[in-house]
Number of protein chains: 2
Amino acid sequence: MSTNKKSSTLSEIAKIAEVSVMTASRALNNQPGVSEEKRAEILRIAEDMGYVANRIAQRLSGGKSRVIGVIAQLHTLYTSDLVLGIGSALRSSKYEMLVYSLSDTDSQPPQAIVSLLRQFVDGIIVILPFQSDYLVSLSDADLPIVTIDEGPHNNFPKIVADNYQGARLAIQHLANLGHRRIGFISGNNQLASARDREQAFRDMQAQLGLDTDPELVASGNFLQQGGFNAAKELLRLSDRPTAIFAANDISAVGAMAAIRDAGLNVPEDISLVGFDDVAVASQIYPTLTTVKQPSAQMARAAVNTIVAMIAGIEPASSIIVLPTELVLRASTRPLGEVVAMPNSKRPRHIKNRISPAG
Amino acid sequence: MSTNKKSSTLSEIAKIAEVSVMTASRALNNQPGVSEEKRAEILRIAEDMGYVANRIAQRLSGGKSRVIGVIAQLHTLYTSDLVLGIGSALRSSKYEMLVYSLSDTDSQPPQAIVSLLRQFVDGIIVILPFQSDYLVSLSDADLPIVTIDEGPHNNFPKIVADNYQGARLAIQHLANLGHRRIGFISGNNQLASARDREQAFRDMQAQLGLDTDPELVASGNFLQQGGFNAAKELLRLSDRPTAIFAANDISAVGAMAAIRDAGLNVPEDISLVGFDDVAVASQIYPTLTTVKQPSAQMARAAVNTIVAMIAGIEPASSIIVLPTELVLRASTRPLGEVVAMPNSKRPRHIKNRISPAG
DNA sequence: CGAAATAACGGTAACGCTAACGTTATTTTT
DNA sequence: AAAAATAACGTTAGCGTTACCGTTATTTCG
């Protein structure tokens, strides 16, 4: 067993091995210029003393820190899923992850964090980049940046889910159930994901011949309260929708509360579909039909991209789109159906395939 | 406006100000030994050039990095709440926070992260320390450590909620509603919080003369699936409980699913109480009566403690206990009551006061 | 077999900063 | 007015590491 009470330095193990620090450095970094015997001995001694290289010093002397910075708002499950995914994708690499958690009111980190990251990390993954001005200065400083989802003026390589197709699947599903009057609760339109979902809604309205009153679009903000308020608006309409598609699950949860608050039931009176498939979607009652984002794959793609960029390889494409799929649960039902429907024990999954717009 | 394209160094601004680097350093660090005119000029030039001190270099030369490391499992809302709270408590200090996210299967970070933190951060806050062996080596290396909640062999200053009293409030509430046969879904007994809640349950069983069959305690693990399975067990009892107290909200959500799965309803057939008051508690249907942990205050206390420790002040007490309170929602109801109860619009809060055990 | 290439090292400087000690002038003290 | 204290600087060294350029021996080649 190695003891590492006092974290030994390179010069210490060099002294014990009776070599120069440079030889020790070369041996430990697997670089040429050391005989095999010396290398083995140095490695043995280092192991013995529990030596771990000081990454602060390595970084200062011009090297890499092998740390990836992640900037995220941690108070939503969806974001946490991605962070966890990044962590596990990174586990098989030689990089570590440190996360800066944006508060729910901030759209960008304080200047101190920005310069700290610039000084310390080798690359940055930004989840839901509501704002990206501050990222430009980092990028100018040769720091590789990858974003998950797309914010305004986002010229960095980005990983996104196929929000447009996912939303189409959701609307198609509601239409298949006979719904013609479908309300939409929008998200935060700073994000391309929100815009894409809304665009899909509008396109499908036209394509499928759904009701198109402008009042059928209520603006949310991806938060529960926003979903609640938006649903309230939709329910106040004289001719109220028979189904609602919320731009994300949290909005849908808010909408569900609003619907219940109005004395109505999901799905008996109103069908409801969300987006993301966060944990709460399968935990609430009724369980929520939603569009699943491939967060694990997105995280992996982000990691692969940033690692490649750190290695100096420019990514082949500046955007990677991953497929979404519809997850059917208990919050949707055919229009007008009155027969009691047992809780479906296991949700069915529908792959992201839809006939092209004709 | 200051431009900071290339992040200038101390020697650069020293050259421009025509002083030595030390004078510049002293001026910028507000230390004596510089005339007021020079100080002002140096500050002006630094501002002009957008100078920010390199914390990597500061750290290497023996100083502080002004970074607090946070170790947490990010996939539960409760933990995220605490992380967010730590972030905002830190915002008014001169420290920044970087989070290492433990995967859901790991109870301790990899060695690489441990040594990285040791080299870089000034102090560490650990949330839910399932395991703390690895922390001892950090503490030996003079790194201040504070934990939120208490793990095994935890000799570090710790911030905890009053789990015992909170659990008592919950049981008392159920007993007040007439329940005598109350089931308990335990948590992860590695954590003192889990043990305290269970102890309170057992103590109250005796004190209030409740049913005490051993089968009334089912073991969960603070996770939804664990709560689901535990509730299934409780429901299989020939004489099944009329109320269930789950050691945390996520277990309670799992229990709710199990209850529904068995064709029963909350609260008509079974009253249910959770612990934590995470967001989902007020989002599910029926909304969950639970014990609220003061996460914002806990976060603030942790920050105050770690900052004091970094400043060399040993904390007055090695444990800070903060009060919990019962939040009444829709998942509990008097035993045997059949009258329809409207959703209470606004939950009532009951302060953590209970008559002393007599 | 002498010149050139190679392998295996060591020394020095640098990354950006600060602690610790010098070195001057300018005050203050007695 | 000489000695002592103080203020305002500058110089040097060092944090732990690596890049770059030596310096030796040993090998390779024409």
Side-chain angles (χ1 to χ4, degrees), chain A residues 4 6-43 45-46 49-67 115-116 118-122 141-142, chain B residues 4 6-43 45-46 49-67 112 115-122 141-142:
Chain A
N4 52 357
K6 274 284 162 193
S7 77
S8 45
T9 73
L10 197 53
S11 71
E12 279 174 42
I13 77 153
K15 187 173 296 177
I16 295 181
E18 292 177 310
V19 295
S20 72
V21 279
M22 272 316 298
T23 303
S25 172
R26 280 188 274 254
L28 289 162
N29 290 346
N30 227 35
Q31 279 180 339
V34 200
S35 66
E36 277 316 310
E37 308 91 67
K38 291 226 171 195
R39 185 189 300 276
E41 192 190 349
I42 290 167
L43 259 51
I45 293 175
M49 303 189 55
Y51 170 79
V52 282
N54 187 323
R55 285 151 94 162
I56 301 297
Q58 287 181 320
R59 175 67 172 175
L60 188 60
S61 96
K64 305 293 184 184
S65 64
R66 300 206 314 281
V67 175
S115 46
L116 180 63
R118 182 203 327 237
Q119 292 160 2
F120 187 48
V121 304
D122 293 343
D142 280 327
Chain B
N4 52 359
K6 274 283 160 195
S7 77
S8 45
T9 73
L10 197 54
S11 71
E12 279 174 42
I13 77 152
K15 187 173 295 176
I16 296 182
E18 291 176 309
V19 295
S20 71
V21 280
M22 270 316 296
T23 303
S25 171
R26 280 188 273 254
L28 289 162
N29 291 346
N30 227 33
Q31 279 179 340
V34 199
S35 65
E36 278 315 311
E37 309 92 66
K38 292 229 170 194
R39 184 189 301 274
E41 192 189 350
I42 291 167
L43 258 51
I45 293 175
M49 304 188 55
Y51 170 79
V52 283
N54 187 322
R55 285 151 93 162
I56 302 296
Q58 286 180 320
R59 176 67 173 177
L60 188 59
S61 95
K64 305 293 183 183
S65 63
R66 301 207 315 278
V67 174
S115 46
L116 180 64
L117 290 175
R118 181 202 329 234
Q119 291 161 2
F120 188 47
V121 304
D122 293 344
D142 279 327

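Just so we're clear, the structure is a prediction, and the values are computed from it rather than from any experiment. Protein chains get the first letters and strands the later ones, always in sequence-line order, with residue 1 at the start of each. Excluded from the calculations below are hydrogen atoms, water molecules and symmetry mates; all remaining heavy atoms, backbone and side chain alike, are included.
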Inset, instruction - Identify, with sequence neighbours excluded, every residue that meets side chain to side chain contact (heavy atoms under 4.5 Å, CB included) alongside V21(B). - result: S11(B), A14(B)
Legend entry - Of the listed nucleotides dC9(C), dA20(C), dT18(C), the one nearest the side chain of R26(B): dA20(C)
Inset, instruction - Take the protein atom CG of L60(B) and the nucleotide atom P of dC15(C), then report the distance between them rounded to whole Å. - result: 14 Å
Legend entry - Which atom of K38(A) lies closest to which atom of E18(A), heavy atoms considered: NZ-O, 4.4 Å
Legend entry - Qualifying residue for side-chain contact (heavy atoms from CB on, under 4.5 Å) with V19(B), from V34(B), I45(B), I42(B), I13(B): I42(B)
Inset, instruction - Using whole Å, report how far NZ of K64(B) lies from C1' of dA19(C). - result: 15 Å
Legend entry - Under 4.0 angstrom between T23(A) side-chain N/O and dG10(C) OP1 or OP2: yes
Inset, instruction - Give a yes/no on whether any side-chain N or O of Q58(B) is located under 4.0 angstrom from OP1 or OP2 of dT18(C). - result: yes
Inset, instruction - Name all residues meeting the side chain to side chain contact (heavy atoms under 4.5 Å, CB included) criterion together with L43(A); count only those two or more places apart in sequence or in a different chain, and write none if there are none. - result: A27(A), L28(A), R39(A)
Inset, instruction - Round to a whole Å and report the spacing from CE of M22(B) to C1' of dG16(C). - result: 13 Å
Inset, instruction - Using modelled atom types only, decide if a donor and an acceptor are shared between the side chain of R59(A) and the backbone of Q119(A) within a distance under 3.5 Å. - result: yes
Inset, instruction - To the nearest Å, give me how far apart CD (Q119(A)) and C1' (dC15(C)) are. - result: 12 Å
Legend entry - Any donor-acceptor N/O pair, D122(A) side chain to R66(A) backbone, under 3.5 Å: yes
Legend entry - Partners meeting side chain to side chain contact (heavy atoms under 4.5 Å, CB included) with A40(B) (sequence neighbours left out): none
Legend entry - DNA chain C contacts among residues 29-40 of chain A, heavy-atom distance under 4.0 Å: G33(A), V34(A), S35(A), K38(A)
Inset, instruction - Name all residues meeting the side chain to side chain donor-acceptor pair (under 3.5 Å) criterion together with T23(A); count only those two or more places apart in sequence or in a different chain, and write none if there are none. - result: S20(A)
Inset, instruction - Would you classify V21(A) as touching base, sugar-phosphate or nothing, given that sugar-phosphate means primed atoms plus P, OP1 and OP2, and contacts are heavy atoms under 4.0 Å? - result: nothing
Legend entry - Outermost DNA chain D nucleotides near chain A [under 4.0 Å, heavy atoms]: dG16(D) to dC20(D)
Inset, instruction - Could you pick out which residue, G63(A) or A24(B), lies toward the 5' side of DNA chain D when each is mapped onto its nearest nucleotide? - result: A24(B)
Inset, instruction - To the nearest 0.5 angstrom, please state how far the OG atom of S115(B) sits from the CZ atom of F120(B). - result: 14.0 Å
